[in-house]
Number of protein chains: 2
Amino acid sequence: MAKTAVRKTVERQTGVALWRQIADRIRLAISNGDYDTTGMVPPETALAQEFGVNRHTVRSALAALADEGLVRAVQGRGTLIERKERVTYQISRRTRFSQGLGRQVKEIGSRLLGHDQVPASGEIATALGLAPGALLVELHTVSSGDGRPLSAAVSYFPADRFPRMAEEYARLGSVTKVFSAHGLDDYVRASTEIVARHADAEELALLELSPGAIVLEAHAVNADLEGRPVEFSRTRFAADRMKLRIET
Amino acid sequence: MAKTAVRKTVERQTGVALWRQIADRIRLAISNGDYDTTGMVPPETALAQEFGVNRHTVRSALAALADEGLVRAVQGRGTLIERKERVTYQISRRTRFSQGLGRQVKEIGSRLLGHDQVPASGEIATALGLAPGALLVELHTVSSGDGRPLSAAVSYFPADRFPRMAEEYARLGSVTKVFSAHGLDDYVRASTEIVARHADAEELALLELSPGAIVLEAHAVNADLEGRPVEFSRTRFAADRMKLRIET
DNA sequence: CCTAAATGTCTATTGATCTAGACAACTATA
DNA sequence: TATAGTTGTCTAGATCAATAGACATTTAGG
């Protein structure tokens with residue numbers, strides 16, 4: 001395959017505008033490091049030829065990426081890449097949210113959006129091995145790295161075992177620390193299920209995504225060392241900022 | 001939240017047509033089992049009100065889903081749900097493609113699209129612990145369950161150890177069996193990395209997806225029991241047909 | 001200090017998407 | 001056998017997405 005003349009295909013009349021398809025492709029190319037040699041996106045005219053579209057269409061795509069803060073156009077020079085990393089989130093028996101991220105981002109933020117007491121139902125009761133109707137503490141949180149939201153989670157904990165979960169989380173900012181405060185010093189990841197889908201309106205807002213974006217939704221069960229489940233969580237990751245790594 | 005009056009939001013001027021956003025939402029609702037009581041999608045007028053759009057826009061969305069074979073409209077009755085399952089693909093130390101799928105689909109298909117001999121480069125050489133330039137057998141395959149494509153994979157094997165990989169795979173239809181024929185009776189999954197992104201044109205074709213669809217791309221390394229890597233694979237799953245389950 | 005190369009802005013036109021309304025055709029049921 | 005509820009089809013207009021071309025503005029480099 002020749003390097004210059006590769007025509008990258010975009011599809012018409014699919015309900016996804018060309019400029020958005022192109023924005024997605026460029027975002028992917030950036031995170032793949034395709035433009036690392038120059039640190040810039042190719043010129044608009046080159047991209048237009050590459051994708052077989054008008055230059056204005058490419059400009060719409062680049063404008064969207066600039067909106068995301070991914071690139072910055074400089075008249076006369078070109079379009080500079082501002083950010084390219086994808087944060088790797090490691091899933092293993094010892095999965096801890098903050099730990100794996102530590103080296104990849106300078107500053108980790110956790111925000112408690114709200115909490116509630118709810119009765120256990122269907123999937124969650126099963127996962128936690130509780131009778132339907134057992135009381136749970138429900139926590140809504142958003143986590144971010146260097147100011148960019150990375151994940152939005154809803155977590156459930158048995159209320160009898162962790163009665164002050166919400167208050168403690170608000171104070172300590174970490175589930176691991178709250179477990180510790182309740183006398184649970186160690187726990188392991190029992191299982192994780194992952195699906196990918198389009199973000200809904202709530203997720204677009206929480207994760208500051210542009211519409212059409214993808215979320216990775218992980219349902220995880222953590223258990224104490226005796227195998228008793230202590231947490232069920234439904235975490236939605238901003239897919240274009242994250243990579244999941246599974247150690248088996 | 002009242003059950004009838006919930007206004008589900010769709011976003012305008014985002015580069016993703018309303019009908020496609022709505023199709024994505026309905027597809028998700030179907031796979032969540034939201035319509036299981038009736039086995040039908042709500043009437044077009046109800047959906048139009050729910051999403052705050054014109055009925056014609058909803059019809060475009062349903063037409064797309066009918067195209068996928070997910071629903072079937074019957075004049076005078078309503079729009080019936082034809083399929084709703086998501087296949088679960090299990091990732092563990094002993095991940096074998098066919099095994100976990102066994103009970104979920106009646107018939108598993110594997111198709112060898114092509115093969116090649118290539119020198120190891122960058123990421124792949126590192127993953128397999130080989131010197132750059134070492135010869136690899138490259139296999140392109142598509143796997144399906146009950147006739148629907150589930151995944152498209154590109155796999156790499158050290159050519160010195162598995163010289164007849166391609167021919168044997170064509171004959172046996174399973175990597176596990178080819179390993180066995182080469183004297184490798186057991187192997188384990190060393191690591192898996194997962195990203196989610198929009199499918200490109202090639203993937204749309206291979207996996208028979210509608211544009212705008214999502215793929216889960218998994219990079220996996222399998223190793224023999226001595227820890228020597230024997231396979232690197234890049235598998236792209238059709239995200240709306242699959243769920244990944246990770247046992248740790 | 002030109003000039004080439006790049007992004008920025010404007011106008012005009014075409015095709016796709018969405019809305020609006022009306023009515024036909026079909027199904028189930030009272 | 002009406003009737004209510006549903007999907008199917010058609011027309012017309014409004015808005016968004018994409019193309020096309022021209023030219024301005026900025027930057028880097030000879």
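Note that the coordinates shown come from a computational prediction; the quantities given were computed from them, not determined experimentally.
When each of A:T57 and A:V74 is assigned the nucleotide of DNA chain D bearing its nearest heavy atom, the one mapping closer to the 5' terminus is A:T57. Closest-nucleotide positions on DNA chain C for A:R59 and A:G15 were compared, and the one nearer the 5' end corresponds to A:R59. Along DNA chain C, the nucleotide nearest to B:R77 and the one nearest to B:W19 differ in position, and the one closer to the 5' end is contacted by B:W19.
One atom, CZ of A:F51, and another, P of D:dA17, lie 19 Å apart when rounded to the nearest Å. Rounded to whole Å, the distance from CZ on A:R20 to P on D:dA18 is 11 Å. Here the C1' atom of nucleotide D:dT6 and the CZ atom of B:R72 are 15 Å apart, to the nearest Å. Remark: C1' of C:dA25 and CD of B:E44 are 13 Å apart, rounded to the nearest angstrom. The distance between atom CG of B:L80 and atom P of D:dT7, rounded to the nearest whole Å, is 10 Å. Atom CG in B:N54 sits roughly 9 Å away from atom P in C:dG21 (whole-Å rounding).
In the model, A:E123 has a side-chain atom that pairs as donor or acceptor with a side-chain atom of A:H219 under 3.5 Å.
Counting atom types as modelled, B:H56 pairs a side-chain N or O with a base atom of C:dA20 as donor and acceptor under 3.5 Å. Looking at A:Q75, its side chain has no donor and acceptor atom pair within 3.5 Å of the base of D:dT27. No donor-acceptor contact under 3.5 Å links the side chain of A:R55 to the base of D:dG21.
The pair A:D240-A:R86 fails the salt-bridge criterion, with no side-chain N (NZ, NE, NH1 or NH2) lying under 4.0 Å from an Asp/Glu carboxylate O. A salt bridge does not link A:R148 with A:E208: every distance from a Lys NZ or Arg NE/NH1/NH2 to an Asp or Glu carboxylate oxygen is 4.0 Å or more.
Looking at heavy-atom distances under 4.0 Å, B:T45 makes no contact with the nucleic acid at all. The residue A:S60 sits apart from the nucleic acid: no heavy atom pair falls under 4.0 Å.
With contacts defined as side-chain heavy-atom distances shorter than 4.5 Å, the pair B:M242/B:S151 does not qualify.
Heavy-atom minimum distance, B:L216 versus B:A196: CD2-CB, 4.1 Å.
In this structure, A:T79 does not reach the C:dA6 phosphate: none of its side-chain N or O atoms is under 4.0 Å from OP1 or OP2.
With distances taken from any side-chain atom of A:A17 to the nucleotides C:dT17, C:dT19, D:dA18, the minimum falls on D:dA18.
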